[in-house]
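Below: the structure, in structure tokens.
Whatever order the structure lists ligands and atoms in, that order sets their numbers, starting from 1. Note that the structure is predicted; figures quoted are calculated from it, not measured. Starting from 1, each residue takes its place in the sequence as its number.
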Amino acid sequence: MTQAEIYLDSNATTPCDPRVLEAMLPFFAQIYGNPANGLHRQGRLAAQHVEEARTWVARLLGALPAEIIFTAGATESNNLAIQGLAGAAVERGRKRIVTSAVEHKSVLLPCQKLAAEGFEVIVLPVDARGIVSLDAAEEAINDATLLVSVQAANNEVGSLQPVAEISEIAHRHGAIVHCDAAQAAGKVSINIDEWGVDLLSLSAHKLYGPKGVGALYVRGGRGALPLKPLFVGGGQERGLRPGTLNVPAIVGFGKACEICLEQVDQEAMRLSTLRDDFERQLLDKAGTIRINGDRERRLPNTSSITFPGVDADALLLNVPHLMLGTGSACTSGTIEPSHVLQAMGISRQDASNTVRVSLGRFNTAEELAVAAESLAEAYHSLQQV
Ligand code: PMP
């Protein structure tokens with residue numbers, strides 16, 4: 001008998017919450033106007049709903065609606081934040097960019113691109129828990145620093161970064177702070193003022209919204225920061241992100257934020273209990289496995305597990321009913337073991353023996369009991385090979 005499939009890859013993407021899907025449906029064929037056309041009812045209605053969605057995204061962060069720029073997702077938001085600020089380097093006389101070794105490629109690669117253009121890019125190390133060293137940040141951030149870009153939470157091990165402390169150091173030196181919060185949003189509560197960041201990236205599909213939509217938070221709105229658009233066109237999103245807005249996706253994103261805002265703390269508690277029980281069961285049954293990262297300072301839904309001596313791909317082939325990640329889904333397809341795990345001092349070998357379990361809103365305790373049992377069984381049988 002084939003076993004029921006169990007989805008445990010919520011850090012790669014989440015399904016749309018049924019309430020999100022329901023909210024989006026009228027915006028394909030009933031309310032289809034272009035929000036830029038305020039001259040007729042269709043356009044005005046669409047614009048009204050986009051603005052309502054903007055309010056929910058802003059509320060999720062404790063920000064103002066005018067500070068939210070809709071984009072196609074966190075990749076675009078990260079690029080807009082980093083490349084969009086590069087033009088300000090000359091006027092500000094600052095050419096240093098500070099980031100961390102565990103960032104997503106959509107932060108690391110724009111930084112590398114700027115390094116090739118003459119910027120001085122400093123990549124902060126992390127400790128064995130995957131957490132950025134504040135001493136290293138203190139040393140790297142100086143009065144020549146234009147931008148500091150550090151993620152809120154890591155996609156692979158879930159480590160939570162000291163964003164507020166890093167913002168404080170950066171602001172002391174007059175630098176702008178960007179935070180990639182694609183993984184944190186919806187999983188832990190965010191308060192933009194407590195974190196003190198100036199720019200922050202979000203992606204809807206990580207929080208039960210649709211794919212292909214996200215946002216960049218810009219403190220003070222456009223004009224407050226020397227941010228240039230990545231491309232030019234119709235002037236939408238205050239000229240920072242021209243192009244006709246994807247209204248159904250934006251409405252879905254707004255609904256997803258509304259739901260997260262309502263239940264983030266409760267959901268975090270439920271998921272961390274499920275995750276911790278799952279880890280206990282797996283440790284009990286599989287014995288020699290290792291859980292990576294800090295047990296406390298990590299996302300409530302994420303578990304990064306090394307199965308010493310057993311290749312993660314082989315392990316997954318033995319549990320075809322479990323949908324899990326190895327390293328990061330965004331970089332899978334490349335043979336290189338995860339740069340995040342390696343930055344934490346985990347050997348290439350152990351990194352390739354590592355599986356990521358990331359829980360979501362629709363997982364149950366029963367599913368996790370099956371997952372622990374199946375993974376332990378597959379691990380034992382592969383150890384014997
Ligand atoms: N940043 C982080 C931390 C992520 O995990 C991801 C998605 N894996 C992204 C950015 C990119 O998001 P998107 O694919 O929605 O552009």
Side-chain angles (χ1 to χ4, degrees), residues 7-16 20 57 60-61 69-84 99-112 123-124 126 130-132 149-161 163 166 178-188 190 195 197 199-217 230 241 243 246 249-250 252-253 256-257 260 293 298-304 323-334 338-341 343-344 356-360:
Y7 186 76
L8 292 168
D9 204 10
S10 289
N11 286 8
T13 195
T14 52
C16 268
V20 167
V57 177
L60 185 71
L61 307 177
I69 303 294
F70 287 116
T71 65
T75 297
E76 186 189 335
S77 300
N78 288 341
N79 274 272
L80 176 57
I82 296 165
Q83 302 202 65
T99 188
S100 93
V102 293
E103 298 300 313
H104 189 261
K105 295 276 163 141
S106 58
V107 166
L108 289 175
L109 294 184
C111 288
Q112 266 178 33
V123 179
L124 300 174
V126 294
I131 295 174
V132 169
S149 179
V150 173
Q151 64 188 191
N154 184 263
N155 43 315
E156 295 190 41
V157 293
S159 45
L160 298 170
Q161 302 300 344
V163 177
I166 290 171
H178 166 249
C179 176
D180 174 2
Q183 289 295 344
K187 299 187 182 108
V188 292
I190 297 181
W195 286 8
V197 302
L199 295 159
L200 181 137
S201 303
L202 297 175
S203 199
H205 73 99
K206 308 282 190 193
L207 44 80
Y208 310 93
K211 292 162 184 60
V213 66
L216 181 67
Y217 157 83
L230 294 177
R241 208 288 187 158
N246 183 350
I250 288 170
F253 185 18
C257 290
C260 285
R298 62 177 166 158
L299 289 172
N301 76 319
T302 307
S303 183
S304 167
M323 290 178 263
L324 312 164
T326 56
S328 156
C330 305
T331 50
S332 62
T334 63
S338 147
H339 70 282
V340 171
L341 299 174
M344 291 164 64
R356 176 185 71 185
V357 175
S358 51
L359 281 56

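Annotation: Gln151 places no N or O atom under 3.5 Å from an N or O atom of ligand 1; distance criterion only. Of the N or O atoms in Lys206, one or more lie within a sub-3.5 Å distance of an N or O in ligand 1. Looking at Glu76 next to ligand 1, no N or O pair under 3.5 Å apart turns up. Annotation: Gln183 places an N or O atom under 3.5 Å from an N or O atom of ligand 1; distance criterion only.
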Could you go through the side chain to side chain contact (heavy atoms under 4.5 Å, CB included) check for Val102 and Val157 one step at a time?
-> CA-CA 10 Å; Val102 293; Val157 293; over 6 Å; no
Using the side chain to side chain contact (heavy atoms under 4.5 Å, CB included) rule, take Phe253 and Val20 through it: C-alpha gap first, then chi angles, then the decisive distance, then the call.
-> CA-CA 8 Å; Phe253 185 18; Val20 167; over 6 Å; no
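Distance alone, capped at 3.5 Å, is enough to place a donor-acceptor pair between the Gln161 side chain and the Val132 backbone.
To the nearest 0.5 Å, atom CG of residue Asn11 and atom CG of residue Leu359 are 9.5 Å apart. One distance of note links SG of Cys179 with CD of Glu103; it measures 8.0 Å at 0.5 Å rounding.
Atom numbering of ligand 1 starts at 1 in the shown order; those under 4.0 Å from a heavy atom of Asn155 are 3 (C), 5 (O). Taking every heavy atom of Ser106 and a limit of under 4.0 angstrom, the matching atoms of ligand 1 come to 10 (C).
When heavy-atom distances to ligand 1 are checked against a 4.0 Å cut-off, Thr75 comes that close through both its backbone and its side chain. Of the heavy atoms in Ala74, both backbone and side-chain atoms come closer than 4.0 Å to ligand 1.
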